[in-house]
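First the proteins, then the strands, lettered A, B, ... as listed; each starts at 1. Everything numeric in this text was worked out from a predicted model, so none of it was measured. Worth knowing before you read on, the calculation uses all heavy atoms, side chains too, and leaves out hydrogens, waters and symmetry mates.
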Amino acid sequence: MAFDSLSAFLMMGKHGVYVWSAYGFSALALIWLVWNTLSTRQKTRNILRKRFVRSQTR
Amino acid sequence: MRWVWFHKLASPKWFYSWSNFWALPVFCFGCLCLAIGLVWGLAFAPEDYQQGNSFRIIYIHVPVAMLAQSCYLALGVASFVFLVWQMKMAPIFIKAMAPIGAVMALIALVSGAIWGKPTWGTWWVWDARLTSVLVLFFLYMGIIALQSALDDLVLANKAAAVISVVGLINLPIIKYSVVLLETLHQGPTFTLTKKPEMPPEMWLPLLCAVIGLYSFVAGLVLWRMQSEILMREHRSSWVKQEVMENGL
Amino acid sequence: MTYFSFVRAEFLVLWRRKQDVLNALLFFVIVVVLFPIGIDSSSEFLTPAASGIIWCATVLAVLMAVDSLFKEDYRDGSLEQLVVCGLSLPLLILLKVIAQWLAVILPLLVIMPLLGEMLYLSSASLWALMVTLLVGSPSLFFMGVIGAALTVSIKQGAILVMLLILPFYLPVIIFSTLAVKAAQAGLPYSGFLAMLLAMSLLSLVLSPFMTAIAVKASVN
Amino acid sequence: MTYFSFVRAEFLVLWRRKQDVLNALLFFVIVVVLFPIGIDSSSEFLTPAASGIIWCATVLAVLMAVDSLFKEDYRDGSLEQLVVCGLSLPLLILLKVIAQWLAVILPLLVIMPLLGEMLYLSSASLWALMVTLLVGSPSLFFMGVIGAALTVSIKQGAILVMLLILPFYLPVIIFSTLAVKAAQAGLPYSGFLAMLLAMSLLSLVLSPFMTAIAVKASVN
Amino acid sequence: MHSFASLTVSDLWIERAERDLCKGLSFSVQSGDVVRILGENGAGKSSLLKVIVGILSPLQGQIVYSGEDVTVDRRFLQQDVIYLGHSSGIKPQLTVIENLRWYCPDASPSALHEVLESLELIDHIDVPVKKLSAGQARRVALSRLWLGKKTLWLLDEPFASLDVRGVELLEACIRQHASVGGLVLLTTHQDLPSLSTRDVALLS
Amino acid sequence: MHSFASLTVSDLWIERAERDLCKGLSFSVQSGDVVRILGENGAGKSSLLKVIVGILSPLQGQIVYSGEDVTVDRRFLQQDVIYLGHSSGIKPQLTVIENLRWYCPDASPSALHEVLESLELIDHIDVPVKKLSAGQARRVALSRLWLGKKTLWLLDEPFASLDVRGVELLEACIRQHASVGGLVLLTTHQDLPSLSTRDVALLS
Ligand code: HEM
Ligand SMILES: Nc1ncnc2c1ncn2[C@@H]1O[C@H](COP(=O)(O)OP(=O)(O)OP(=O)(O)O)[C@@H](O)[C@H]1O
Ligand SMILES: Nc1ncnc2c1ncn2[C@@H]1O[C@H](COP(=O)(O)OP(=O)(O)OP(=O)(O)O)[C@@H](O)[C@H]1O
Ligand SMILES: [Mg+2]
Ligand SMILES: [Mg+2]
């Protein structure tokens, strides 16, 4: 462990803002990417399912 | 036959079931590796004697910057394959890859800019590396914009492939040309020929994060390609079976 | 249709629109003039910036010209006809681009000395600038048509073309302004010229084929 | 057709083309980036030139947007329909321009801080720049549409519009850059803003009528 | 039911590309009339319709609509007209239903659906018009006729690119409009004997 | 006199906007045939012509022209074809005569004049096409048929916006072409009983 305490870890010397904002942004972007991927996956399936059901009932 | 796997890859159905098996493990392995690398780098790696703790941004910055470039390379190669051999999977790959690459370039830009403030004293400088990543981001956005502007599938496939191949040829030229502008950014850490100059407890977590992010992106690409395959092959019976019978 | 009648029709259309050629020139001049007015008109600012300003304006003018290259042909259906006429599409495209290049760049070179004077450019660097324009601008056209062909079926495509193509123009701009800067400092600049020439030739060879693929995909 | 359904259709078309709005933004950014790369990337050059560069890029983006405002409507015949629908043509034009202004300028204001940072602009002058954009850009649009309406029936009109309209834009550019320079020097700049506002209001009042005349003359 | 309307054109001269068209044409039509304008290619049929609706100005002559002289200011006429030119005035990026809502904001959803049903466009209701075939796009433009409540219809070759069924539908619609007091001026090169109550011939 | 030519289309499927068109269409035509493609609006007539000439690619099927399989590479066919789509492929800035010279550089001036004379365009020979009426512009596009020496004609609604005289002229021209060994595929919604030797029906 390079830090003595949790608060020191959060402060990162005097660079806490920079480090955590960089990581925060990166995390948000990566999470968005994952969410977007999974939701398109789900959406495609739903669209296709609806389409198949419709073509069956006709 | 040595080329059987290649021909199999070209078959959407085979690819779908193959990726169905691999996507989740690859993605999970990527998440795990990335998490280990980041926690290790953030909490355990020693402080840099020059930059202090701000250097810890490296553990996200470098993997992401590497991915931004690798994604484009993959995109360009796939486009070339498509234009020459008309391989059906290639445009699906391009469609899946472009947004990921764009996000990677964006994170590289943002994390780099944030890192620049404490080390260089400014968010942005017009330096070779930075500028070429910015251009890379524009290239990605161009491909995405083109694909979304063209609602004709055949045209969109060809168009994205053409523009990424041209980009592939041009990327080295762009890189070379911006190098002629002055530079602030440091050189590569990992090279094949030399040992890294950093101590191992600094670069090991970095390596871990890099491998993790590659794997993470691979998983995502497989998933994205799956959605695209389903949409494009919707008239074939296996898609119908897949969608109607398998839950997720 | 033969290659010859195609070229004749191209030049006829250009001739019918000679006003447009003049307009492109004036547009170029106005963009160049925008800078002294909008930013700073002292020679300390203008002399070093001149070649960059002129190249930026050229790039914009080329993009505007290139964007409309296939648009009209697409709309009136003559692009379809080019695809199905049985002649080699890449060759037709090459001819078309060359005609357009002549119509846009030659007049621009003619008024360059004037602009150079207005931007306080020394005659040595003016020469360098003109040579870079002559050698570098073909690559602008050849790269630009790829984008133009890709977006021909999109109504409001001008901006998309610029978005797609401008990143590719950066090296050309950089090499050219470096060449002019070298000339200004009295250094040799043939290396940069060689780079520009190489890019022009490369794009001349590759672009017609890429563009043909794009055109074929666009008419449907 | 009613005013309401007209506005709804306008926004629908804009929404269908939301990608275009993003593209316009990216185009703007790329044009701005052209300058540091093509001319000089040192802060001694960029800081004083920033406001001029951004205004020049804005002017180009506005001209591109304005040029295509009536083009498509002309081509598919819906401009004819606007003329003969019995509603007030100037009012329809006003609504159309406002919709377009919202779609182009608002996103631009949002990314302005980023660009300011990249061009090493101080935060005081960044604010001044944004205010001049907000106050001055309506006049760009209102003057631009007159030109766009005049040239709507000409195929390759983009360049002609620019040519017609750019001279009228010069005062706007000059006042804006003066305002930003004053802000950079810590001087008051509300006088310039008042001028910009006056120009915007004047053009808002006059332009729809002029444009209506031009549109009527163009459809035939 | 429309209130009584009439259109009188007297001594009309139109100049187009330095040629005189119409050359003193005069005619008068009123509620219930379906008038076919006849003439060769280039005789000036489209130009005549454009002059009546106010897109072009005549060189000379007078146009009176329902007792009001609209030669100079065409607004009174424009409030009561549907004009369909060679180009259809449909936005290709918008879907079929969006285009209709644009032109006929007051029409109820059920009315819209009914019309699209009868025009066989109901399957394409959410397709952008640029992805329709020529005849389908024409049908979208024509659907205004079923929905709008205007008296005077000026139709320039409305039957172009319609199939047999489409022509039948449109004929029926035009006849129905005339029977409730509407007034239709149209140009066509097709031979539709039972359609028009009156012809106006343009010589060239 | 054209040498013997034949066109065979077998098991053709076309995909357009996620809908299947043609659905396994097969037909075969040869020199001397005038074939009318019938179908409702949106049946896929224009798409079929575009596939044959190579503007679109089929989903599945085979196209053979004069014994050569052109499904993948349409060049052999393209050297021998005149295709006229919904839009006419005429440059509006160029004058009538310039447009003709563009398409038919080998035609002698006297041949050009003769054709323009018979199409009643001779007065407009130096007028830019954008200043012509719809039917006149159509005639300019069609004049290629009189001048070109190609065997296979693919015509998409060639009679649109032509007046009675124009229709007659074009009909005669098509019949003449077939009689010297030409091969004509056309779509039309008009009822021209004596024109075609054979019909191909597209179901939708
Ligand atoms: C927006 C700003 C920045 C961008 C776009 C950027 C971009 C890049 C790129 C493209 C790489 C190469 C990755 C690879 O392929 O190996 C990289 C690596 C690196 N960057 Fe940045 N960078 C930025 C700012 C910074 C700053 C401010 C620092 C710290 C002072 C920094 C430190 C590093 C380091 C140490 C590497 C690793 C070198 C290597 O292993 O290749 N970067 N960056
Ligand atoms: N550009 C396009 N993009 C996508 N789909 C299209 C396009 N053009 C037509 N379609 C679709 O293809 C189908 C067939 O169109 P096509 O133009 O071939 O019909 P057509 O038989 O020529 O009809 P018409 O008689 O109206 O000309 C239509 O249902 C339409 O929805
Ligand atoms: N935009 C234009 N500018 C100048 N002249 C035109 C224009 N359009 C048509 N003309 C001229 O006006 C004359 C009449 O054209 P108009 O379009 O009214 O004919 P039309 O009767 O509708 O013919 P068609 O049956 O071919 O549609 C033509 O001879 C043509 O030369
Ligand atoms: Mg007409
Ligand atoms: Mg059709």
Side-chain angles (χ1 to χ4, degrees), chain C residues 1-24 65 68-93 95-96 99-100 103 149 152-153 155 209 212-220, chain F residues 14-17 46-47 49-58 65 70 73-95 97-107 126 128-130 137-138 140-141 144 147-154 156:
Chain C
M1 208 186 304
T2 60
Y3 293 111
F4 176 71
S5 79
F6 172 78
V7 171
R8 189 174 53 191
E10 282 304 310
F11 275 106
L12 258 175
V13 172
L14 283 174
W15 178 246
R16 278 283 170 291
R17 299 211 210 118
K18 47 191 175 304
Q19 186 62 44
D20 279 348
V21 173
L22 190 67
N23 289 347
S68 62
L69 199 59
F70 298 119
K71 275 267 157 64
E72 279 176 48
D73 289 6
Y74 175 75
R75 237 169 250 130
D76 58 36
S78 51
L79 198 59
E80 260 179 8
Q81 297 292 343
L82 294 191
V83 173
V84 305
C85 70
L87 302 178
S88 152
L89 189 56
L91 189 51
L92 291 178
I93 289 169
L95 293 171
K96 204 177 169 76
Q100 188 78 6
V152 78
S153 62
K155 299 277 154 126
F209 294 98
I213 295 175
V215 166
K216 272 189 197 150
S218 288
V219 295
N220 66 359
Chain F
I14 302 173
E15 185 181 4
R16 210 87 214 267
S46 306
S47 307
L49 291 186
K50 285 184 182 179
V51 165
I52 293 176
V53 78
I55 291 172
L56 288 179
S57 296
Y65 183 67
V70 291
D73 184 350
R74 227 58 63 86
R75 254 174 296 174
F76 174 69
L77 183 149
Q78 285 173 354
Q79 256 136 30
D80 205 22
V81 78
I82 294 185
Y83 164 79
L84 287 179
H86 280 299
S87 55
S88 52
I90 288 294
K91 296 198 189 248
Q93 311 90 346
L94 294 189
T95 65
I97 188 85
E98 286 164 355
N99 264 301
L100 284 190
R101 281 215 211 94
W102 173 42
Y103 276 115
C104 312
D106 318 321
D126 285 327
V129 171
K130 67 179 166 193
R138 190 91 213 167
V140 178
R144 282 173 68 191
L147 293 164
K149 300 269 173 292
K150 307 296 173 85
T151 312
L152 178 61
W153 289 1
L154 302 175
D156 204 352

Would you mind checking which part of [X] comes under 4.5 Å of any heavy atom in chain C, side chain (CB onward), backbone (N, CA, C, O), both or neither?
| X | result |
| --- | --- |
| K91(F) | both |
| V81(F) | side chain |
| L56(F) | side chain |

Quiz: residues 77-84 of chain C side-chain donor-acceptor pairs under 3.5 angstrom, not counting sequence neighbours:
from   : atom 1 : to      : atom 2 : distance (Å)
S78(C) : OG     : D76(C)  : OD1    : 2.7
Q81(C) : OE1    : R144(F) : NH1    : 3.2
Q81(C) : NE2    : Y83(F)  : O      : 2.7

For the NZ atom on K216(C), are there more than 12 heavy atoms of other groups (residues, nucleotides or ligands in this structure) within a distance under 6.0 Å? no

Over 12 non-hydrogen atoms of neighbours within 6.0 angstrom of CZ in F76(F): yes

Among R74(F), K50(F), R75(F), who wins on heavy-atom pairs under 4.5 Å with chain C? K50(F)

Inter-residue atom distance W102(F).CH2 - F4(C).CZ, 0.5 Å rounding: 15.0 Å

